[in-house]
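In what follows, a structure is listed as structure tokens, so that the remarks can point back to it.
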Number of protein chains: 4
Amino acid sequence: MARDQAVRALKRQIIVDAARSVFAEMGLEAASMRGIAAAAGCTTGAIYPYFRNKEELYAAVLSDGLTSLHEHLATASGNATDPRERVEIALRSYFAYYRSRPDELSLGLYLYHGLKPAGLTPELDRRLNRKLSQALDVIGDALAAYAGLDADARRMELCQVFSYLMGLLICDCTHRLRALGSNAEAMLDRYTADLLRRLAPH
Amino acid sequence: MARDQAVRALKRQIIVDAARSVFAEMGLEAASMRGIAAAAGCTTGAIYPYFRNKEELYAAVLSDGLTSLHEHLATASGNATDPRERVEIALRSYFAYYRSRPDELSLGLYLYHGLKPAGLTPELDRRLNRKLSQALDVIGDALAAYAGLDADARRMELCQVFSYLMGLLICDCTHRLRALGSNAEAMLDRYTADLLRRLAPH
Amino acid sequence: MARDQAVRALKRQIIVDAARSVFAEMGLEAASMRGIAAAAGCTTGAIYPYFRNKEELYAAVLSDGLTSLHEHLATASGNATDPRERVEIALRSYFAYYRSRPDELSLGLYLYHGLKPAGLTPELDRRLNRKLSQALDVIGDALAAYAGLDADARRMELCQVFSYLMGLLICDCTHRLRALGSNAEAMLDRYTADLLRRLAPH
Amino acid sequence: MARDQAVRALKRQIIVDAARSVFAEMGLEAASMRGIAAAAGCTTGAIYPYFRNKEELYAAVLSDGLTSLHEHLATASGNATDPRERVEIALRSYFAYYRSRPDELSLGLYLYHGLKPAGLTPELDRRLNRKLSQALDVIGDALAAYAGLDADARRMELCQVFSYLMGLLICDCTHRLRALGSNAEAMLDRYTADLLRRLAPH
DNA sequence: GATGAATGAGCTTTCATTCAT
DNA sequence: TATGAATGAAAGCTCATTCAT
């Protein structure tokens, strides 16, 4: 029955939400399945019909986050009135999204280390990369529309912007910018202005 | 005796080196004090006279790494013949340093999450930030010399470059760039060219 | 309806067969109801209408095995042309049966240990002993016919032969004979010859 | 210091003894490290400096048992006054040893199944086989002395006797003999008599 | 009869750290 | 200083079985 499906999806979501909050609070490795189960109001065993292991649960949290990022970017970009503003909004809303959710950014970095040699299943990894790519398209489209870029140039500029934004967020959230006496918002504004000037049509 | 001091420093260094290699291989949390002791050729208990706990050992490894980064940058920059080249070399050698030591980059990110609620001791944290700042000064000096920047501008530009480089390295090492169809070296070359143009004296 | 009975018997048999193969592969305790259900193409819950618990399923597998042993012995003995050959064939076919099904021999030994304090239900135990006794009668009859034994002597000789054969099979399957530098087939041939000589009429 | 060695050996023995009794009571797989630790009066973690895992502990229990069997056989055989009696005593004392320690016999059978795919380490397996072989030599020597056997014949007869005794003990301890209406002691007496007659010099 | 999520206890093993020696 | 046994908690995961559907 569709009813059963819905109930199952709901219960699954409860677990994912619980996992997100526990991961955020304790970090990926320090978070325990017991703790997540407790937060979800069930027993450890009750998680396993939905997620084969901790890793799959982690992937679900990441996937959820990327979906939400995508929605955030798409909504914000919808408000732009001209190509220039669209770029500004795209960058600013990406920054703002993770700025207000530092745990989510942090969580994604676990893909880099920790996480057993195996890492995420290649299949899961591919799925997450696709989602990220889709979310970033909002930025890529804005850049291309503003500067009239072909596919190759669009890819290059998008990766530059993406790298910069990630670096900015990470340096900010790890308090490195503060230690160096700088400020993330001001930096982003300046970066955006330079970018728009550099890519300005003709 | 000075002799005793030297012996003590040597033993300490053996432990730090062992820790670095074990951290690199297993990640910070998966690395065990037992494993590090084994790699250092001693027993667990022998570590504690030198480091109060795993965290302090981690900090020592990070500190070592920053010293080594500093030397690497300073040496490379010494070869520059003109201000423009000096900037190019500074950026490239920073990138190259972590590119060939992805584990060291990864290790630094643990500062971001996990690592007990407490994180590193504020004192240790301050010391590490100072070392990072000193290393980055090589880049900052190159930028200032090339573009004739005042203190404020220098700080801003350095942070921009630092953020970009960190983002580039992380996106590269996590294979995000590959997934997005781009290439870190080419991106860095392009970034450097744009930077030099933007900051060019007149 | 008889139809329903037949369907039920069939489904039951599917489960028993699945259990046998899983028990054989993993051992009694390592085999899980989930695994057996998967092998049988059903879910865990579907097993319980047929078997109250794992133990009952185990008993069904054993019982099946004894039936099959009985058939094996009866068929083989049917080919004998004279009493002497009948004894030889009975021993050899008993040996061959378990030799080619070491898992079944192993499975029977669980009766010896593990298996919950309770062990098998006395009722089940009695039923299994009766089946074993029937199967062994093929050997007992052969011995009695060859040597003209009365009931007491028959029982004694049968138990001796049974014990020897079990010991031989177990020592062989646990590789103890190999470790001691001996060979099960040669031993059985020699044993049979001695037995026939000892029991020879007059 | 030799003192330390002695203390360590003592603590180790306490754990082995505890393990034997828990294994005997619950079976190999049902016995838990927690239970063994409790029986030994320590915590689970305290077992691991002595035994790397449950399997190694199991091997130690088996090894202990074989040593004790050897002593039992050697002591008993020492009382024999003539070759014939020596054979009788060897068989009877082997039987009596396991008859009064059915758990030890049972424990050895786990080598057959259960026990993860890996089974015992080949090295451990070899060591145990060597110990068994040494213990059985007491029987083998008695047989050879009585019947004047060469090496090949000695090996064959020893394996025959060993297989029979194992089968007899197992069939007895699993209550199969009782179910078949027979009696282990009477069977052994009869078997011994037949054996002595068959192997009698000239 | 069949499903499969849920229970709740259980497992072995590992960990950082301590401390008597 | 160095040893390494010991602590005590905790980890992820699996289990047989139940039961609402």
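It should be emphasised that the depicted structure is a prediction, and the values quoted were computed from it without experimental measurement. Numbers restart at 1 for each chain; the letters A, B, ... are given by sequence-line order, proteins then strands. Quick note: numbers below take in every heavy atom, side chains included, and nothing from hydrogens, waters or symmetry partners.
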Quiz item: Do any side-chain nitrogens or oxygens of A:K11 fall under 4.0 Å of OP1 or OP2 in E:dA6?
Solution: yes
Self-check item: Nearest to side-chain heavy atoms of C:C42, which nucleotide of E:dT3, E:dA6, E:dT12
Solution: E:dT3
Quiz item: Roughly, in whole Å, what's the span from CZ in B:R52 to P in E:dT18?
Solution: 11 Å
Exercise. With rounding to the nearest 0.5 Å, note down the distance linking SG in D:C173 to CG in C:L109.
Key: 11.5 Å
Quiz item: Is A:F51 touching bases, backbone alone, or none of the nucleic acid, heavy atoms closer than 4.0 Å?
Solution: nothing
Quiz item: Rounding to a whole Å, what distance do you find between A:E29:CD and F:dG12:C1'?
Solution: 13 Å
Exercise. Give each stem of DNA chain E as a range with a range, requiring at least 3 consecutive Watson-Crick or G-U wobble pairs whose two distances are under 3.5 Å.
Key: E:2-21 with F:2-21
Quiz prompt | F:dA16 OP1/OP2 closer than 4.0 Å to side-chain N/O of C:Y48 | solution = no
Quiz item: Contact class for D:N53 vs. all strands (heavy atom < 4.0 Å): base, sugar-phosphate, or nothing?
Solution: sugar-phosphate
Quiz item: How close or far is atom C1' of E:dA16 from atom CG of B:L28, stated in whole angstroms?
Solution: 13 Å
Hey, can you pull the donor-acceptor pairs under 3.5 Å for the side chains in residues 13-28 of chain C, sequence neighbours left out?
from	atom 1	to	atom 2	distance (Å)
C:Q13	NE2	C:D17	OD1	3.0
C:Q13	NE2	C:D64	OD2	3.0
C:D17	OD1	C:R20	NH2	2.8
C:S21	OG	C:A18	O	3.3

Exercise. Map B:M33 and A:G41 onto DNA chain E by nearest heavy atom, then report which one ends up closer to the 5' terminus.
Key: A:G41
Exercise. Report the residue (D:T44 or B:P49) whose heavy-atom-nearest nucleotide on DNA chain F is the more 5′ of the two.
Key: B:P49
Quiz item: What closest approach, in Å, do B:K54 and B:M33 show between heavy atoms, and which atom pair accounts for it?
Solution: CG-SD, 3.8 Å
Quiz prompt | Nearest-0.5 Å distance, CG of residue A:D103 to CZ of residue A:R101 | solution = 11.0 Å
Quiz item: Atom CG of C:L57 to atom P of F:dT17: distance rounded to whole Å?
Solution: 10 Å
Quiz item: How long is the line joining CD of C:E55 and P of F:dC15, in whole Å?
Solution: 18 Å
Quiz item: Could you state the CD1-C1' distance from B:I47 to E:dA16, rounded to the nearest angstrom?
Solution: 11 Å
Practice problem: Would you tell me if any nitrogen or oxygen in the side chain of D:T43 comes within less than 4.0 Å of OP1 or OP2 on F:dT7? | Solution: yes
Quiz item: Please give, in whole Å, the distance from E:dT14 P to B:I36 CD1?
Solution: 17 Å
Quiz item: Is there a side chain to side chain contact (heavy atoms under 4.5 Å, CB included) between A:S63 and A:R127 once you walk through the steps?
Solution: CA-CA 8 Å; A:S63 176; A:R127 198 144 61 202; 5.9 Å; no
Quiz prompt | C:L128 CG to C:Y58 OH distance, which is reported to the nearest 0.5 Å | solution = 8.5 Å
Quiz item: Does a nitrogen or oxygen in the side chain of A:S32 sit under 4.0 Å from OP1 or OP2 of F:dA10?
Solution: no
Got a list of side-chain donor-acceptor pairs under 3.5 Å for residues 42-53 of chain A, not counting sequence neighbours?
from	atom 1	to	atom 2	distance (Å)
A:N53	OD1	A:E55	N	3.2
A:N53	OD1	A:E56	N	3.0

Self-check item: A:L10 CG to A:R12 CZ distance, which is reported to the nearest 0.5 Å
Solution: 12.0 Å
Quiz item: Would one find a side-chain N or O of B:R34 under 4.0 angstrom from OP1 or OP2 of E:dT14?
Solution: no
Practice problem: Mind calculating the distance between CD (D:Q5) and P (F:dA5) to the nearest angstrom? | Solution: 10 Å
Quiz item: For B:R8 and F:dT1, is the shortest distance between a side-chain N/O and OP1 or OP2 below 4.0 Å?
Solution: yes
Quiz prompt | Position toward the 5' end of DNA chain E (nearest nucleotide), A:A46 or B:A31 | solution = A:A46
